[in-house]
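Positions are given from 1, in the same order as the sequence printed here. As the structure lists them, so they are numbered: ligands from 1, and atoms in each ligand from 1. Computed from heavy atoms alone, side chains included, the values below leave out hydrogens, waters and symmetry copies.
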Amino acid sequence: MSDAKMNILVIGSGGREHALAWKLRQSELCDKLFVLPGNPGMKNVAELVTNVDATDNAAVVRFARDNAVGLVVVGPEAPLVAGLADECRAAGLKVFGPTKAAAQLEGSKAFAKNLMKKYNIPTARYEIFNDAGRARAYVRQTGAPIVVKADGLAAGKGVVVAATVDEAVAAIDGIMTTPGAKIVVEEFMNGEEASLLAFTDGETIVPMVAAQDHKRIFDGDKGANTGGMGAYAPAPVMTAALIDETAKKILEPTIAAMKKEGMPYSGCLYAGLMITDDGVKVVEFNCRFGDPETQVVVPLLNDDLAKIMLACADGTLGAYGQINWRENESAACVVIASAGYPGAYEKNKVITGLPEAYERGCMVFQAGTKELNGELVTDGGRVLAVVALDENLAQAVKLAYGGVGEIDFAGAYYRKDIAHRALPR
Ligand code: AMP
Ligand code: GLY
């Protein structure tokens, strides 16, 4: 039986959504592809929907119904945490992404930590506080290094890895300025980090290729945390044995736990991991694809993304069969950001060199871009993700940097050491 074609709607406007849209466009199932709101980079693969407010769930649902959308793919966490998937389902739409209740795995660190504790899923030891005095006393008693996290969504900015007790106390006082704030204080875990994303329909879980991203702004993993300055996949540190351990001890128990708690989780489950001497442990869960992990994982998928996502939405992932990846290929991604990011930065800088980067065999996924007077200009902190594939990771990195070298805008900044942990391996 050949599957009927359908219209697909992607929600979001970043590099992650560009990569998802690019891949969905190649699906046998895909008839019309809409991206809401999208960015200029996606125009080649999709129709941009700019007259609907992406934060208005009812308006998004109306658009999907009016345009006979057969699958809604939600990119970012905010609409998931705000219940967009619930509203889609209530309107009879198929959706890739967890419900509001299930999205708490990312939306509330306290929820995630309590769930992991209850179901023996390996993670850092922790305490939750809603009182600054008690949190301070706990930190003084435990000592540093220690990690202080704000409870809610904070776009990567709510975490302080404190080297000293004073730093931890300052972080606690910083978070506790808002009434009702909750803090998670947790054990510092030593090790290398990796991201393992998985497809799930609430029952079955299928890990993707493992990735590593670079969260800090400066080379050598120094400076402030960002959304992610680059990534590569597969991450050699995640051996087949470690992926298996993660699936059995973390991903499968988490999905089973969510089902048992009456909030089955479907969509993409992103496990941020620390590989410690004591085994793989969870740093955080995200309820959506990673950015920029998606820009390296999705190009390595040698399968039909829309079919997989539909199986996740339908609860039929167990019957899907094996998901195929490009054998023996690696992908590298270098993010080009605006000067000043993750702090304040200027916009509207003219971007040049994209055709030359394509010429070198790179893909360029756009994030913070827009069109101004017919020119492509910067419009955000992370502007572009330059991606290259090769059988050899070092060569993929070199190719990606070749593309980066062609691209320019005033104040363009990028890290020069993407994949530095993997290359010596
Ligand atoms: P999160 O937003 O929870 O992923 O935290 C952001 C970053 O802080 C992580 O990618 C880690 O580099 C670091 N981090 C978070 N929790 C811990 C921990 N318990 N031990 C060591 N580093 C951590
Ligand atoms: N790259 C980190 C994230 O997507 O949360």
Side-chain angles (χ1 to χ4, degrees), residues 12 14-17 19-20 75-78 80-81 103 105-113 116-117 122-128 139 142 144-163 167-168 171 175 183-197 208 210-217 220-233 235 268-278 280-298 333-335 337 342 365 367 381-382 385 415 418 421:
R16 162 183 52 210
E17 288 77 24
L20 292 173
E77 62 277 15
L80 292 165
V81 171
L105 263 189
E106 174 169 1
S108 166
K109 293 197 187 281
F111 173 89
K113 295 298 285 191
M116 287 187 268
K117 187 188 230 172
T123 188
R125 267 180 284 118
Y126 71 100
E127 292 291 334
I128 297 170
V139 162
T142 327
I146 197 156
V147 182
V148 178
K149 302 184 176 186
D151 180 51
L153 280 188
K157 287 175 206 129
V159 175
V160 175
V161 179
E167 234 183 281
I175 293 168
I183 297 191
V184 178
V185 179
E186 64 176 47
E187 168 201 4
F188 173 79
M189 295 186 286
N190 217 338
E192 197 169 327
E193 284 183 69
S195 310
L196 188 63
L197 285 60
M208 305 182 204
Q212 261 182 327
D213 79 338
H214 296 267
K215 289 203 172 71
R216 306 294 197 98
I217 186 73
D221 296 319
K222 299 207 165 58
N225 260 316
T226 71
M229 294 301 294
Y232 56 96
C268 174
L269 178 62
Y270 169 134
L273 304 168
M274 190 73 81
I275 303 158
T276 74
D277 291 341
D278 199 22
V280 180
K281 297 185 181 181
V282 176
V283 177
E284 62 162 348
F285 282 123
N286 291 322
C287 65
R288 35 81 192 165
F289 280 88
D291 189 336
E293 287 92 335
T294 307
Q295 290 90 313
V296 288
V297 168
V298 158
C333 163
V334 180
V335 169
F365 296 118
R382 291 189 294 169
R415 276 182 60 164
I418 297 307
R421 284 178 205 283

Heavy-atom pair of closest approach, residues [X] and [Y]:
X: Cys333; Y: Gln295; value: SG-CB, 4.2 Å
X: Ala144; Y: Ala162; value: CB-O, 4.1 Å
X: Arg415; Y: Ile217; value: CG-O, 3.3 Å
X: Ser195; Y: Tyr270; value: OG-OH, 3.3 Å
X: Ile146; Y: Ala168; value: CG2-CB, 3.7 Å
X: Ile418; Y: Met229; value: CD1-O, 3.7 Å

- Message: Quick test of your reading of the structure: of Lys281, Glu186, Arg125, Lys109, whose heavy atom lies closest to atom 19 (N) of ligand 1?
- Response: Glu186

Enumerate the atoms of ligand 1 whose separation from the nearest heavy atom of [X] is less than 4.0 angstrom.
X: Phe188; result: 20 (N), 21 (C)
X: Met274; result: 21 (C), 22 (N)
X: Val147; result: 16 (N), 17 (C), 18 (C), 19 (N), 20 (N)
X: Lys215; result: 10 (O)

- Specify side chain, backbone, both or neither for Lys149, according to which of its non-hydrogen atoms lie closer than 4.0 Å to ligand 1. side chain

- Query: Donor-acceptor pair, Thr276 side chain versus Gly191 backbone, under 3.5 Å?
  - Reply: no

- Query: Does an N or O anywhere in Asn225 fall below 3.5 Å from an N or O of ligand 1?
  - Reply: no

- For Met189, is at least one N or O under 3.5 Å away from an N or O on ligand 1? yes

- Item | From Glu127, Glu284, Glu186, residue fulfilling salt bridge (charged side-chain N to carboxylate O under 4.0 Å, His left out) relative to Lys149 | Glu186

- Message: Quick check: do Glu106 and Val81 have side-chain heavy atoms less than 4.5 Å from each other?
- Response: no

- By salt bridge (charged side-chain N to carboxylate O under 4.0 Å, His left out) - contacts of Arg216 (at least two apart): none

- Task: Tell me the residues surrounding ligand 2, counting only those with a heavy atom closer than 4.0 angstrom, sorted by chain and number.
- Result: Asp213, Gly227, Tyr270, Asn286, Arg288, Gly290, Asp291, Pro292, Glu293

